[in-house]
2 protein chains.
Amino acid sequence: MKEKYVNQANPNVSVDCVVFGFDGSDLKVLLVQRDLRDNLDIDDDTLVLPGDLINDDEDLDEAASRILKGLTGIKNIFLEQIGAFGSPKRLLKKRDQVWLNAIRILPNARVITIGYFALVNIKNYKTKPAGFAKHVLWQDYNTVEELGFDHNVILNSAISVLRDKLYREPVGFQLLGKEFSLHQLYTLYNEIMGGDIDRRNFRRKMLKTGFLKETENYQEGVPHKPARLYTFAKKKFDNVSKANFKFY
Amino acid sequence: MKEKYVNQANPNVSVDCVVFGFDGSDLKVLLVQRDLRDNLDIDDDTLVLPGDLINDDEDLDEAASRILKGLTGIKNIFLEQIGAFGSPKRLLKKRDQVWLNAIRILPNARVITIGYFALVNIKNYKTKPAGFAKHVLWQDYNTVEELGFDHNVILNSAISVLRDKLYREPVGFQLLGKEFSLHQLYTLYNEIMGGDIDRRNFRRKMLKTGFLKETENYQEGVPHKPARLYTFAKKKFDNVSKANFKFY
DNA sequence: AAACTTAGTGTAAAATTTACACTTTGAAAA
DNA sequence: TTTTCAAAGTGTAAATTTTACACTAAGTTT
């Protein structure tokens, strides 16, 4: 039993983040372009999710925070693990193997990735390249094509976690600014859920959840132009509570 | 940037399974006792979740299946990843460090664990020790005390995933035999959810979901003794469907 | 044979969901 | 400068679902 482990190298463990952002009308994902530095003979403009190998002395969550901090300067945002990914090395795409060899840090071990997903309000932060990233960009979720490694799998997993969460938890607020109109929130839900939600029912139901607090300019009965603004009123959220974010 | 990786050993990656079983009245978890083999001078009867290091050439899911197969002989059961766990090595309990040293396979690297959870019908399978396990036992979930490593964290995570799933997916059937009465299903839900569900509403609601199919002895209007039996009728399950397993 | 438990059906009030209509205000078009 | 239009907001009635109970019949236990 023991002997079998001795001959196999431990896998490299990396953390990759799916960072979703919303610009008011479209759902975006933060992607980076790999930077080969001194191996410039290799032509590789593959896009990947921002990620890095985990450090010896840090928690998994800490690693994810670190990566995000490096690229966006953000601390303390919504960030949650979505799971571990990683097929044996023999299943890697050639392009990715070349890349791994080029950076010489992973000679004979596979890579296992812990995926995280994060929600940020795009307008609040400036992105900047860091680590192995040559460029950082916000890409429209619907236009994302083939990514490096198994990052499409991770992205798909993240979007379904996001949709699922949006149904069940007051999590969409993270994608908007501090103050927002119900119209903005509605647009967000409609975009992400791909649905065709009734505007009026959405409004009533969302207000009834108790997660919205009016800002000072509130005045009953008067239609506003521009729209009335709300903030997210954090209240204790019971997982099994009746707060229900399903909209038909 | 590069240099920083060179000096750190890759972490060991293990897969640990939380296997839930139901014996008709109580929820059980499959635990194992560590076996130190030739290091018998060390007295350690700590209980842990069944797990093993992942092999170089296998998928994460494959590893989980392998472990389960070894301990219970089961293949093809409900098995799902719940996430990755693992704090830096310095946070390990002393007892666990001693154990890791004793088996000599992990000299200076940390351990990262991918947690899985599985649901089985206890009566269908005989368990047997395998790998590093000295004993295998089904322990009452409510009586579980301190486990080795961070396995209590994993177990807690698994139970909340289970409760959550039970609300939203027809997953409880996995814990029962092929044929079961509504009373058995009711007992299961009541036990796991810790709730106090109305028997009559449970019955009606569960039948309405369309996941139950009557067995041949079915006869309308006649109270049965013993109870009428059902099987789980797999039908396409739409995540966003209206099937609702919340019972109050 | 009386008392009790289990299996099953019924029903009515309360709450929620759904599918719409209608008003007011500011901005854009004519 | 009207006229037209879209956005912001409130209302309401039918359909469905949830909740909280009552009741009967068939075995089992005492």
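Chain letters run A, B, ... following the sequence lines, proteins first and then strands; every chain starts at 1.
Of the options A/Asp52, A/Asp16, A/Leu49, a side-chain contact (heavy atoms from CB on, under 4.5 Å) to A/Ile67 is made by A/Asp52 and by none of the others.
For the atom pair CZ of B/Phe78 and CZ of B/Phe173, the computed distance is 12.5 Å after rounding to the nearest 0.5 Å.
Of the N and O atoms on the side chains of A/Thr143 and A/Gln139, at least one donor lies less than 3.5 Å from an acceptor on the other residue.
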Acceptor/donor pairs from residues 20-32 of chain B side chains to any protein atom, 3.5 angstrom cut, sequence neighbours excluded:
residue: B/Asp23; atom: OD1; partner: B/Ser25; partner atom: N; Å: 2.9
residue: B/Asp23; atom: OD1; partner: B/Asp26; partner atom: N; Å: 2.8

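One can place OH of B/Tyr230 at 11 Å from P of C/dA7, the figure rounded to the nearest angstrom. Put simply, CG on A/Leu229 is 11 Å from P on D/dA8, counting in whole angstrom units. Rounded to whole Å, atom C1' of C/dT17 lies 15 Å from atom CE of A/Met206. Between B/Arg199 atom CZ and D/dA22 atom P the separation is 13 Å, expressed in whole Å. Note: CG (B/Asp196) to C1' (D/dT19) measures 13 Å, nearest angstrom. Atom P of nucleotide D/dG9 and atom CG of A/Asp198 are separated by 15 Å, given to the nearest angstrom. Distance CG (A/Leu212) to P (D/dG9): 12 Å, rounded to an integer number of Å. Rounded to whole Å, the distance from CD on A/Glu214 to C1' on D/dG9 is 14 Å.
Each of A/His183 and B/Lys208 was assigned the nucleotide of DNA chain D with the nearest heavy atom; the assignment lying further toward the 5' end belongs to A/His183.
Look at B/Lys205 and you won't find any side-chain N or O under 4.0 angstrom from OP1 or OP2 of D/dT17.
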Quick one: do B/Thr127 and B/Thr72 satisfy side chain to side chain donor-acceptor pair (under 3.5 Å)? Show the steps, please. CA-CA 4 Å; B/Thr127 59; B/Thr72 62; over 6 Å; no
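Considering only heavy atoms from C-beta on, B/Phe211 stays 4.5 Å or farther from B/Met206 through its side chain.
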Distances for protein N or O near nucleotides 10-14 of chain C N or O, under 3.5 Å:
residue: C/dT11; atom: O4; partner: B/Arg204; partner atom: NH2; Å: 3.2

